Each structure stands twice: as structure tokens, then as C-alpha cells.
Participant: 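Quick one: the structure is below, questions incoming.
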Amino acid sequence: MIEFREFLLRARIDAASLEAWIEAGWLRPRQAGPERVFSELDLARAWLIRDLRDSMGVNEEGIAVALRLLDQMHGLRQAMRRLGAALHALPEPLRQEVLARLRDGETP
Amino acid sequence: MSTNPYEILGVTPEATQDEIRKAYRRLARTLHPDLNPGDRTAEERFKQVSAAYDLLGDPEKRARFDRGEIDASGAERPQQTHFYRDFAGAHPYASDAGFADLTDADDLLAELFGRAGMRGAGMRMRGGDLHGRLALGFLEAVNGTTKRLTLPDGSTADVTVPPGTRDGQVLRLRGKGAAGLGGGPPGDLLVEVQVASHPYFTRQGDDIHFDLPVSLSEAVLGGRVEAPTPAGRVAVTVPKGSNTGTVLRLRGRGVPRPDGSRGDAYATLRIVLPDRPDPELEAFAARWEAGKAQNPRAGMEG
């Protein structure tokens with residue numbers, strides 16, 4: 001868990017930005033007693049937001065759109081992984097049948 | 001792949017700072033690893049582009065590079081070690097808004113995509129973390145142990161205390177916190193450890209310090225004595241002529257570290273006279289001229 005001050009230092013952002021990002025719902029720290037704490041994943045997400053703003057010149061509205069699409073993409077990737085794992089666990093003949101159907105481009 | 005920063009950014013050496021910045025932003029928008037989560041090559045190219053911009057985006061560094069004072073590699077900044085995309089698996093920010101409609105129409109897809117849990121962005125939430133405390137004995141914390149903890153809901157959990165646990169350290173029990181919402185994963189149980197003191201051991205980092213009493217004859221003549229350490233009793237050689245305050249280092253007898261090694265133990269010798277007055281010792285001290293001449297308080301003022 002990363003505390004607020006440490007998070008600012010490691011993310012290399014100022015407190016006002018962080019507060020604004022939390023306010024916008026872009027980052028969701030967890031409440032540990034009176035403190036808000038962040039995960040490594042939150043930190044990587046903060047880097048991404050910072051890169052969008054500073055390196056890519058995306059404005060606030062653009063960041064909101066980008067994050068929304070990225071979150072959907074991660075949801076899809078997660079679902080894809082689960083689907084892949086479920087297919088992988090099928091008995092071999094069934095798996096072969098699925099593969100054959102995918103190759104044929106057949107839709108049910 | 002070129003190492004020339006101008007070629008990497010696709011600008012001419014005559015480009016203005018504004019053109020360089022625009023070129024960088026255009027490439028960053030295309031290559032940023034988090035915008036290309038499935039493309040492993042994007043990260044390498046993004047790093048090259050970032051390094052090139054570090055050099056050329058700063059007019060002063062660019063001028064030094066142009067004069068040949070620094071080379072293209074000399075300006076690389078410490079690179080970010082992981083990107084957002086690298087957190088695979090349960091992504092707390094992930095949303096099903098991209099495919100929720102598919103699962104409405106199809107039982108099989110609904111099952112595969114976890115219909116119960118993923119209903120609208122933000123509805124699936126991880127449970128909150130719970131907090132607890134665990135009191136440990138000094139040696140339990142140093143050597144590691146397993147403790148049974150009663151949770152707020154009345155259930156119990158076995159807490160594995162790893163060797164070398166410190167006072168105030170927080171142990172995380174994954175999934176033992178409050179239940180999640182909408183099929184979200186449960187939170188964690190955070191257990192703060194309180195370590196009691198020990199009658200003779202103290203701990204500094206990975207090292208253990210303690211006073212080791214030795215008899216007058218052991219100190220004067222030297223010899224082998226047994227000393228307790230957290231790692232068990234060890235035989236210690238007391239050098240001939242040791243004094244109170246002499247520190248002996250017992251290598252590898254301290255606190256276990258995660259890598260399997262151990263810190264050291266330090267025994268500070270303390271000379272202890274016989275429990276009762278000894279006539280022979282008194283007679284010796286009475287006629288011992290060098291002992292009478294010694295002033296151990298020399299240098300003490302006040």
C-alpha cells in the first residue's frame with residue numbers, strides 16, 4: 001500500500017492534480033482508517049494519466065474519454081482471457097471442434 | 001533501428017522545438033504501451049522515442065548533442081519499470097461497458113463473461129480492507145510462527161508470520177477482508193504486528209544485541225562459553241584478556257532475512273565477579289600492585 005505523500009513523489013505529480021483525478025473518478029484509492037492508500041496498479045494508472053496529459057498533450061476531456069475506452073478494453077481483455085482459459089480446459093475433441101469452427105469463420 | 005534521435009522522432013536537424021514536441025506527442029499517442037496493451041514491441045519503441053525526446057526536447061541538451069558533447073545514449077532517463085497494462089488479471093478499473101450487450105443475448109457468453117459480477121461500469125467493487133492487531137513474542141517475530149486470529153465476523157484465520165517480522169509491520173491476508181459488491185473480489189485483512197521486548201535480546205535491523213556475562217577468570221584467561229542466540233545456543237570463544245564492553249560478533253546468528261541469510265548477533269561482554277566474596281581473590285587483589293595503580297576513571301571529568 002502506498003500512502004498519499006509517497007504516491008505524489010513516485011507519480012511525480014502535485015497534490016492538486018491528484019485530488020482532481022480522484023475527484024474525477026480516474027483514481028480510486030482505498031480508505032485505510034483516516035488515510036487514503038493506493039496500490040501499485042493505481043500508481044501505474046497515475047503514470048498513464050500523467051503521460052496522456054504531459055507527453056501526449058491530451059486535455060482533460062480527452063483523458064476522460066481515453067480512460068473510459070481503456071477501461072472497457074481491459075474489461076474485454078479480462079473476459080478474453082477467461083474465455084481462452086475456459087476453452088483451454090475443454091476436453092481435447094471439443095477443443096478441436098471449437099478451433100475448427102473458428103478457422104472456418106463459422107458463426108453460430 | 002536508428003540511434004539518431006532526429007531520425008527516431010522523424011524530424012530534420014533543423015526542426016524547431018515546437019516541431020520536435022509535436023512529433024514526439026504524435027509518436028507517443030501511437031506508441032504508448034498502455035494504448036497498445038497487446039503489442040510487446042510498442043514498449044521498446046516508446047522508450048526509444050522518449051529517450052530521443054529527452055535529448056531533443058530540452059534546447060540546452062539538444063545544443064550539446066548537436067555540438068557532439070553528449071551522445072544519444074547519454075541522455076536516457078530512468079525508465080518506468082512497468083506500465084498500467086502489465087497488471088493483468090483482476091483489473092479493478094475494468095469495465096464491461098464494451099460488451100455487456102453481448103452477454104444479455106447469449107447464455108453461454110453471459111456465463112463466460114461472468115454475468116453475475118459484471119453489470120455496468122463501477123458496480124463491481126472490491127470489498128473493503130479490514131484491520132486487526134496481533135501481539136507476538138520477540139522470538140516468535142524473529143523466527144516466524146503461525147498464529148490463529150479471530151476475525152471481526154467471528155471466523156478464524158491462520159496468520160503466517162514470516163521470520164524477521166518487525167514491530168509495526170503490517171501483514172496482508174489476501175481475500176480475508178470484507179466481501180466484494182456485485183461479485184467483486186473480497187478485500188484484504190491487514191494485521192498490524194506488535195512485538196514484545198525480550199529479557200536480554202534487543203534488535204537493530206537484522207542484528208541482535210545482547211549482554212553476555214562472563215566470569216573474571218573467563219575474561220582474564222579466555223575460553224569457550226555458551227551463548228544463547230535466536231538461532232539457538234552457540235559456543236563462543238572469549239579472547240584472553242577480554243574486558244567489559246568487548247563486543248563479539250556472532251556472524252549469521254541474527255534475524256533471518258527473506259533471502260534465507262541471517263543478520264549477525266553481537267554479544268557485549270560483561271564481567272561478573274563471584275556471587276560471594278572470595279578470600280583468595282581478596283588476598284590477591286590486596287597484594288596486586290598493578291591493579292592498585294590502574295585508574296579506570298582517567299579522562300572522566302566533572
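Being a predicted model, the structure only gives us computed values, none of them experimental. Below, chains carry the letters A, B, ... as their sequence lines are ordered, and counting in each starts from 1.
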Participant: Take a 6.0 Å sphere around CD of Gln31(A) and say whether it holds more than 12 heavy atoms from other residues, nucleotides or ligands.
Facilitator: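 Result for CD/Gln31(A): enclosed.
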Participant: Kindly say whether Leu27(A) contributes a backbone atom to a donor-acceptor pair with the side chain of Tyr93(B) at under 3.5 angstrom?
Facilitator: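 No: the side chain of Tyr93(B) does not pair with the backbone of Leu27(A).
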Participant: How many angstroms lie between atom CE of Met1(A) and atom CG of Asp188(B), to the nearest 0.5 angstrom?
Facilitator: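 If we round to the nearest 0.5 Å, Met1(A):CE and Asp188(B):CG are 7.0 Å apart.
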Participant: Minimum heavy-atom separation for Pro37(B) to His74(A), with atom names?
Facilitator: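 What the structure gives for the nearest pair is CB-CE1, 4.5 Å.
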Participant: For the CD atom on Glu192(B), are there more than 12 heavy atoms of other groups (residues, nucleotides or ligands in this structure) within a distance under 6.0 Å?
Facilitator: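 Result for CD/Glu192(B): enclosed.
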Participant: Applying side chain to side chain contact (heavy atoms under 4.5 Å, CB included), run through Leu52(A) and Arg29(B) and close with a yes or a no.
Facilitator: CA-CA 8 Å; Leu52(A) 285 168; Arg29(B) 283 195 291 264; over 6 Å; no
Participant: Around atom CD of Glu92(A), are there more than 12 heavy atoms from other residues, nucleotides or ligands closer than 6.0 Å?
Facilitator: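 Check passes, neighbour count above 12.
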Participant: Work out which heavy atom in Met73(A) is nearest to a heavy atom in Asp34(B); give both atom names and the distance.
Facilitator: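 Closest pair (atom of Met73(A), atom of Asp34(B), distance): CE-O, 4.3 Å.
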Participant: What is the minimum heavy-atom distance between Ser55(A) and Arg25(B), and which atoms define it?
Facilitator: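 So the two residues come closest at O-CG, 2.9 Å.
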Participant: Which pair of heavy atoms, one from Leu35(B) and one from Leu70(A), lies closest together, and at what distance?
Facilitator: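 Scanning both residues completely, I find the closest heavy atoms to be CD2-CD1, 4.0 Å.
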Participant: Heavy-atom count around Glu3(A) CD within 6.0 Å, excluding the residue itself: above 12?
Facilitator: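 Not more than 12 within 6.0 Å, no.
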Participant: Heavy-atom cut-off 4.5 Å, strictly under: side chain, backbone, both or neither for Arg172(B) against chain A?
Facilitator: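 The side chain, not the backbone.
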